[in-house]
Amino acid sequence: MGEAGQGGGSGPVRRGPLVYGADAWVGPWLEGQIPGFRYDGAPTIGVIRGRELVAGLIYQHHNGIHCEMGIAALPGRQWADRTVLRGIFHYPFVELGCVCVTALVAASNLRSLNLCTKLGFEGEAVVRFAAPDQGDVLVLKLWRDKCGWI
């Protein structure tokens, strides 16, 4: 697959709809899509349809067995087919060796909550008054052995 976020000096690598190593493009794009998010240089994967970036993923705080995974997509755009889903979960579970990944989602973000639950994430905790809209943040977790995409 390619190393997400690790362009290795050779520049971005595109594999089908996925682009790896384009962190300088995908990171700032994510900042524009996720309220309160600031790109910290962590590895990203972009999803391209035609010539347009329609979704981006970031893998932060990897500690050897776990990372946080953030997802943003343009509303109304189709981006999550089987090829994309295999790629975005292959990276943390196979390449990074994570046992689980966590997604932090504002409780008011029903689209993201719906997506995460469809992808297999389960509720783990609630962080009160932590979202940019002053609402709660839900901590969702997906375990490697329960991930249907790898």
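Predicted model, so just to flag it, every value in this text is computed and none were measured.
- Note that the CD atom of Q60 and the OG1 atom of T102 stand 11.5 Å from one another [nearest 0.5 Å].
- Using a 4.5 Å cut-off between side-chain heavy atoms of Ile, Leu, Val, Met, Phe, Trp and Tyr, with links allowed through other members, L110 and V127 fall into different hydrophobic clusters.
- Note on L104 and M69: separate hydrophobic clusters, where clusters join Ile, Leu, Val, Met, Phe, Trp and Tyr whose side-chain heavy atoms are under 4.5 Å apart, directly or indirectly.
- Nearest heavy atom pair, residue P75 against residue R111, reads CB-NH1, 3.9 Å.
- Residues L18 and G87 share a closest heavy-atom pair of CD1-CA, 3.7 Å.
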Next on the checklist: Apply side chain to side chain contact (heavy atoms under 4.5 Å, CB included) to residues K141 and E122 and explain how you reach the verdict.
Outcome noted: CA-CA 5 Å; K141 188 156 283 179; E122 300 172 346; 5.8 Å; no
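- Between C98 and H66, the shortest heavy-atom contact is SG-C, 3.7 Å.
- In terms of hydrophobic clustering, with Ile, Leu, Val, Met, Phe, Trp and Tyr side chains grouped at heavy-atom distances under 4.5 Å, Y91 and W143 are assigned to different clusters.
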Would W79 and I71 satisfy side chain to side chain contact (heavy atoms under 4.5 Å, CB included), going step by step from the backbone distance to the final call? CA-CA 11 Å; W79 66 273; I71 305 171; 3.8 Å; yes
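- A salt bridge links R49 with D81: the distance from a Lys NZ or Arg NE/NH1/NH2 to an Asp or Glu carboxylate oxygen falls below 4.0 Å.
- Taking every heavy atom of both residues into account, P92 and C67 meet most closely at CB-SG, 4.0 Å.
- Follow the hydrophobic side-chain contacts under 4.5 Å out from L138 and you never reach F129; the two are in separate clusters.
- Looking only at distances, no side-chain donor or acceptor of S112 sits under 3.5 Å from a matching main-chain atom of N109.
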For the pair V105 and L140, evaluate side chain to side chain contact (heavy atoms under 4.5 Å, CB included) and give the outcome as yes or no after the intermediate values.
CA-CA 8 Å; V105 181; L140 307 173; 3.9 Å; yes
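- Contact annotation: the side chain of R144 never approaches that of C100 to less than 4.5 Å [non-hydrogen atoms, C-beta and beyond].
- When the side chains of ILVMFWY residues are joined at heavy-atom separations under 4.5 Å, either directly or via intervening members, L113 and V139 end up in two distinct hydrophobic clusters.
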Margin query: Test side chain to side chain contact (heavy atoms under 4.5 Å, CB included) on Y59 and I88; report intermediate values, then the result.
Written below: CA-CA 10 Å; Y59 304 88; I88 67 173; 3.5 Å; yes
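- In this structure, the separation between CG on D23 and OG1 on T44 is 3.5 Å, given to the nearest 0.5 Å.
- In this structure, C147 and L142 approach most closely via the heavy-atom pair SG-CD2, 4.1 Å.
- Side-chain contact between E68 and H62 is absent, with no heavy atoms from C-beta onward closer than 4.5 Å.
- Using a 4.5 Å cut-off on side-chain heavy atoms (C-beta onward), E52 and L74 make contact.
- A parallel orientation is assigned to the rings of F93 and F89, their planes being inclined by less than 30° (bins at 30° and 60°).
- The nearest pair of heavy atoms linking F37 to G27 is CE2-O, 4.2 Å.
- Residues W149 and R82 meet the side-chain proximity criterion, which asks for heavy atoms closer than 4.5 Å.
- Tested against V84 for a side chain to side chain contact (heavy atoms under 4.5 Å, CB included), the candidates V47, I48, L57 yield a single pass: V47.
- The environment of Q134 atom CD is sparse: at most 12 non-hydrogen atoms of other residues, nucleotides or ligands sit within 6.0 angstrom.
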